[in-house]
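Since the model is a prediction, treat every value here as computed from it, not as a measurement. Below, chains carry the letters A, B, ... as their sequence lines are ordered, and counting in each starts from 1.
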Amino acid sequence: MEYFKEALYQWYHCHKRDLPWRSTRDPYLIWVSEIILQQTRVDQGLPYYERFIRQFPDVHVLSQASDDHLMKQWEGLGYYSRARHLHATAKIISERYQGKFPSDYATVRSLKGIGDYTAAAIVSIAFGAPCAVVDGNVYRVLSRFLGIKDPIDTPGGKKRFQQVAEELLDRNNPGMHNQALMEFGALCCTPRNPGCQTCPLVSGCYAFQHKLKETLPVKSKRIQRKIRYFYFLVAEDKEQVIIEKRTGSDIWKHLYQFPLLEQDYPADEQLLLSMPFLNRSTVNHEDTLPEISREYIHQLTHQEIRARFIRVKHRRLADNFPDGIRINKAEIHTFAFPVLIRNYIQKNFPGEHR
DNA sequence: AACTCGGGGCA
DNA sequence: TGCCCAGAGTT
């Protein structure tokens, strides 16, 4: 495997991208970048990273941030529990560790939002600790090059890949080794249309020789989507509109939305207009009739959201939203919304965006 | 072990 | 459309 490693490092030296978290060893910055990059492409995460560290340049500033401001910075990035865990962990580091980021794997691994991958990434990159990372890139590169057919989404398979990665690790420079493996998977050994023509490792690649580059790595399960129907009540008058905060164990926790009626099936329009929740917005003869928006379809990994917005323009918003939050429309852009709702807002609420 | 958490990019 | 992305937490 020395051939593999030498060729990989050579490739990395020539082809690595110039990314901001590569020019620092500040564990805080490494940590933030790793959390943002969980299940997120570099191209998508990069602008969020830049803005995030500008807003929160160190762990103390982050620990002092308000929840809403933090979520606003994360708006649109998805997997919002990452932001919550980041916040909680920043407080722990700021208080219990006096702002000094722990440097051993076990302690780092015990922090909220940091699993096996992220702990290994932080301690290897920031502190040079001999820990091997296993992420989607590593699964792909190792399964293809070595012809490992164990599924990557079962405990047994994960254990196998972890062992192989640890055996392969260059203990002289674990951070560089880990990043080289991942960068190679991201740029050359890609999920589809891998660059085998220009690959420096092709001569030893099991998948290439056996024409298995389309079938490796192996996954045992496949995802299935369920469809949910969301009907949002946009109750407003000239100055104000009603929103509420999402709680409970569901998507978009701690983001805001308009008062919601959810169904497992599409609602008939007449039925919709007679919905009890619409009565919360007392419609009287001085108000305009409800307007029902087009259907917004929002694809997520495990579900498809089909949403409509029922907009009621009141002459004067009554005090009948006990669990809602009454805000000035001019402030609506300071709250974090799911992308689906943000899209609606941008088209239907004039004013300064961000 | 199986589910669930988002959003965007790609063929 | 289905799959994937510098995965982690919950049940």
Protein heavy-atom contacts under 4.0 Å, written 5' to 3' over nucleotides 4-11 of chain C as B (base), S (sugar-phosphate only) or - (none), form the string BBBBSS--

Review point. Would the A/Y265 and A/Y229 ring centres measure less than 6.0 Å apart?
Key: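 Between A/Y265 and A/Y229, the centre distance exceeds or equals 6.0 Å.
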
query: Do A/P20 and A/E50 have side chains that get closer than 4.5 Å, going by heavy atoms?
result: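 Counting from C-beta outward, A/P20 and A/E50 do come under 4.5 Å.
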
- Taking only Lys NZ, Arg NE, NH1 and NH2, and the carboxylate oxygens of Asp or Glu, determine whether A/E304 and A/R228 approach each other closer than 4.0 Å.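 A/R228 and A/E304: not salt-bridged.
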
Can A/K245 and A/D67 be counted as an ion pair, charged N to O under 4.0 angstrom?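 Judged by the 4.0 Å cut-off on N to carboxylate O distance, A/K245 and A/D67 do not form a salt bridge.
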
Using the [atom1] atoms only, state how far [M] lies from [N], rounded to an integer number of Å.
| N | M | atom1 | result |
| --- | --- | --- | --- |
| B/dG6 | C/dC4 | C1' | 13 Å |
| C/dC3 | B/dC3 | P | 15 Å |
| C/dA6 | B/dA11 | P | 15 Å |

Checking [Y] against [X]: is there a side-chain donor and acceptor pair closer than 3.5 Å?
| X | Y | answer |
| --- | --- | --- |
| A/Q38 | A/R82 | no |
| A/Q224 | A/H302 | no |
| A/Q10 | A/E6 | no |

### Message
What's the separation between atom CZ in A/R51 and atom CZ in A/F56, rounded to the nearest 0.5 Å?
### Response
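Between A/R51 CZ and A/F56 CZ, I get 10.0 Å after rounding to 0.5 Å.
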
Exercise. Quick one: CD1 on A/I305 to CD1 on A/I227, what's the gap to the nearest 0.5 Å?
Worked result: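 If we round to the nearest 0.5 Å, A/I305:CD1 and A/I227:CD1 are 10.0 Å apart.
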
Any base atoms under 4.0 Å from A/D43, or only sugar-phosphate, or nothing? Heavy atoms, all strands.
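The answer is nothing, as A/D43 stays clear of every strand by at least 4.0 Å.
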
Subject >> Residue met sooner reading DNA chain B from 5', once A/Q224 and A/P338 are mapped to nucleotides >> reply: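 The residue closer to the strand's 5' end, by nearest nucleotide, is A/Q224.
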
Quiz item: Taking 5' to 3' order, which nucleotide of DNA chain B is first and which is last to have an atom within less than 4.0 Å of a heavy atom in chain A?
Solution: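 That gives a stretch of B/dA1 to B/dA11.
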
Within the distance-only criterion (no hydrogens, no angle test), does the side chain of A/W74 pair as donor or acceptor with the backbone N or O of A/G78 below 3.5 angstrom?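 Checking the backbone N and O of A/G78 against the side chain of A/W74, a donor-acceptor pair under 3.5 Å is found.
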
(request) Ignoring hydrogens and angles, tell me if any N or O in the side chain of A/D153 forms a donor-acceptor pair with the backbone of A/K221 under 3.5 Å. (result)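 Answer holds: yes.
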
Which of residues 143-172 of chain A sit near DNA chain C, with a heavy atom under 4.0 Å from it?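 Per residue number, the list is empty: none.
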
